[in-house]
Amino acid sequence: MDLRQKFMVEPGAKVRLSDIDPSYTGKHESREKAAPEIAKHVQRMDKLQYLLYADGNQSLLVVLQALDAAGKDGVIRHLISGMNPQGTSVFCFKQPSKDEAAHDFLWRAHLRAPGKGEVVVFNRSHYEDVLVVRVHELVEHAVWSKRYELINDFEKMLVQNRTTILKFYLHISPEEQLERFKQRIDDPSRNWKISEGDYSERELWPKYVEAYQDAMALTSTKHAPWYVIPSNHKWFRNLAVSQIIADTMDEMGLKLPPTHVDIADIRRKYHAAEQKERKIAGGSAGLK
Ligand code: AMP
Ligand code: MG
């Protein structure tokens, strides 16, 4: 099944997250059965990233957005880690630093956008400026409401510069979030992930849903689509995200660049060097 079609937010369409089942797994039955398929997509991503890097003419930007504990870190750890770190990077968007806050809201995103041949993953992104900023009223309505159009123009510019953009919203239920918070409390190796803010943010769930729905409806475009990924099951989330990334990269027309060297001449040089090496080895063997 083409998961891109299934989970893509149609440009211009309204989004109702309550209509999308976060526990959806389709015909996929279990983590065990999905594992080989996920591995296959991760391998495809790795091969295609090699071509993207070698080709050096295009780039890929993956935007990950979600409420706390929905699995942004998990996607990076399990899927993106399959690609070569040379040519792949992740940037985490936190509260803007003094320097970042002194610029327009897109400045820090533009600074980290991928160059030719690169894959960049945004863990949170410029979308925080119409999400957390809107929910917490950090700027006036008149300011954030104009940002959707600015975001569309910004992304269009990146696309015109040969960047492919994929935007994922990892969709979990409030019950699943609470369960994951519990795991973070119970498992000492995960304690560091807890913050008090997690609970106050959770109280604002309906406001975040509203902000996400608007953001996706206003900025899912043909050139930079949003995908809503059912993420209550981590394995299904990994399957869907890896398949969508691999299928998208597959269609980027990536290929190895032509060589600019004379392979026949290089081969002659190689044989000459090899023969010389043999002679030296033969000579030193005779000395023993
Ligand atoms: P985490 O992703 O859990 O490390 O947390 C990062 C925090 O930074 C989240 O609470 C975000 O909402 C917050 N954040 C990211 N971008 C912005 C922004 N533009 N303005 C305010 N807070 C932000
Ligand atoms: Mg957090």
Side-chain angles (χ1 to χ4, degrees), residues 15 17-18 20 22-23 62-80 89-109 111-112 120-141 143-145 147-148 151 167-216 218-219 226-234 237-238 241:
V15 186
L17 287 172
S18 58
I20 303 171
S23 292
V62 177
V63 170
L64 297 176
Q65 283 287 163
L67 291 167
D68 288 309
K72 300 186 299 296
D73 293 348
V75 165
I76 291 163
R77 188 166 158 203
H78 295 291
L79 308 181
I80 308 300
S89 59
V90 176
F91 185 74
C92 298
F93 287 71
K94 306 280 183 190
Q95 266 189 9
S97 66
K98 205 170 157 221
D99 199 23
E100 287 169 346
H103 292 82
D104 67 88
F105 81 100
L106 288 169
W107 179 76
R108 65 175 178 164
L111 210 57
R112 272 79 187 211
V120 170
V121 179
F122 282 178
N123 182 343
R124 301 186 189 270
S125 65
H126 45 297
Y127 282 94
E128 291 293 329
D129 290 276
V130 289
L131 295 167
V132 66
V133 166
R134 167 175 164 171
V135 169
H136 286 275
E137 299 175 13
L138 301 180
V139 300
E140 290 164 28
H141 181 282
V143 175
W144 62 255
S145 61
R147 289 182 171 169
Y148 303 101
I151 289 175
K167 301 180 293 201
F168 293 104
Y169 171 69
L170 308 179
H171 181 40
I172 57 165
S173 61
E175 299 76 29
E176 177 64 22
Q177 187 194 50
L178 204 58
E179 176 56 35
R180 294 186 189 181
F181 283 176
K182 183 175 181 310
Q183 289 166 7
R184 290 181 179 184
I185 295 170
D186 294 345
D187 176 354
S189 74
R190 296 191 203 192
N191 282 174
W192 68 275
K193 281 196 158 195
I194 307 170
S195 77
E196 270 149 6
D198 289 346
Y199 291 90
S200 47
E201 291 302 279
R202 186 180 154 78
E203 296 291 309
L204 298 166
W205 192 289
K207 289 202 162 166
Y208 271 108
V209 166
E210 206 184 345
Y212 266 108
Q213 289 181 159
D214 280 350
M216 290 192 275
L218 294 168
T219 65
W226 273 104
Y227 296 93
V228 177
I229 306 295
S231 298
N232 272 3
H233 297 284
K234 294 175 180 173
R237 172 203 75 201
N238 288 346
V241 171

Could you tell me the separation between the [atom1] atom of [X] and the [atom2] atom of [Y], rounded to the nearest 0.5 Å?
| X | Y | atom1 | atom2 | value |
| --- | --- | --- | --- | --- |
| Asp68 | Ser195 | CG | OG | 6.5 Å |
| Leu67 | Leu170 | CG | CG | 10.0 Å |
| Leu106 | Arg147 | CG | CZ | 8.0 Å |
| Ile229 | Ile172 | CD1 | CD1 | 14.0 Å |
| Arg184 | Ser189 | CZ | OG | 11.5 Å |
| Phe93 | Gln65 | CZ | CD | 9.0 Å |

Side chain to side chain contact (heavy atoms under 4.5 Å, CB included), that's the test. Do Phe168 and Val75 meet it? Break it down for me. CA-CA 11 Å; Phe168 293 104; Val75 165; over 6 Å; no
Looking at every heavy atom in both [X] and [Y], which two are closest together, and how far apart are they?
| X | Y | result |
| --- | --- | --- |
| Ala215 | Leu131 | CB-CD2, 4.4 Å |
| Arg237 | Gly71 | NH1-CA, 3.3 Å |
| Ser231 | Ala70 | CB-O, 4.0 Å |
| Asn238 | Leu79 | O-CD1, 3.6 Å |
| Trp144 | Asp129 | CB-O, 4.0 Å |
| Gln213 | Ser18 | OE1-N, 4.4 Å |

In plain terms, say whether [X] and [Y] are close enough for a salt bridge, that is, a side-chain N and a carboxylate O under 4.0 Å apart.
| X | Y | result |
| --- | --- | --- |
| Asp73 | Lys193 | yes |
| Asp198 | Lys182 | no |
| Arg134 | Asp214 | yes |
| Arg112 | Glu100 | yes |

So, do Phe122 and Tyr127 have ring centers that fall under 6.0 Å from each other? no
Is the gap between the ring centers of Tyr212 and Tyr169 under 6.0 Å? yes
Are [X] and [Y] close enough that some pair of their side-chain heavy atoms sits under 4.5 Å apart?
| X | Y | value |
| --- | --- | --- |
| His136 | Leu204 | yes |
| Val121 | Phe91 | no |
| Cys92 | Arg124 | no |
| Asp99 | Trp107 | yes |

Any sub-3.5 Å donor-acceptor pair from Gln177's side-chain atoms to Ala69's backbone N or O? no
Return yes if some donor-acceptor pair links the side-chain N/O of His171 with the main-chain N/O of Ile20 below 3.5 Å, else return no. yes
Do the side-chain N and O atoms of Gln95 and Glu128 include a donor-acceptor pair separated by under 3.5 angstrom? no
May I have the step-by-step check of side chain to side chain contact (heavy atoms under 4.5 Å, CB included) for Val120 and Val90, ending in yes or no? CA-CA 6 Å; Val120 170; Val90 176; over 6 Å; no
As a quick check of understanding, evaluate side chain to side chain contact (heavy atoms under 4.5 Å, CB included) for Ile194 and Phe181, giving each step before the final call. CA-CA 7 Å; Ile194 307 170; Phe181 283 176; over 6 Å; no
Please list, chain by chain and in numerical order, all residues satisfying side chain to side chain contact (heavy atoms under 4.5 Å, CB included) with Ser23, sequence neighbours excluded. Asp21, Asn232, His233
Pairs involving residues 200-209, ordered by first then second residue, that meet salt bridge (Lys or Arg N to Asp or Glu O under 4.0 Å) (sequence neighbours left out): none
side-chain hydrogen bond (donor to acceptor under 3.5 Å, both in side chains) partners for Arg190, two or more places apart: Gln183, Asp187
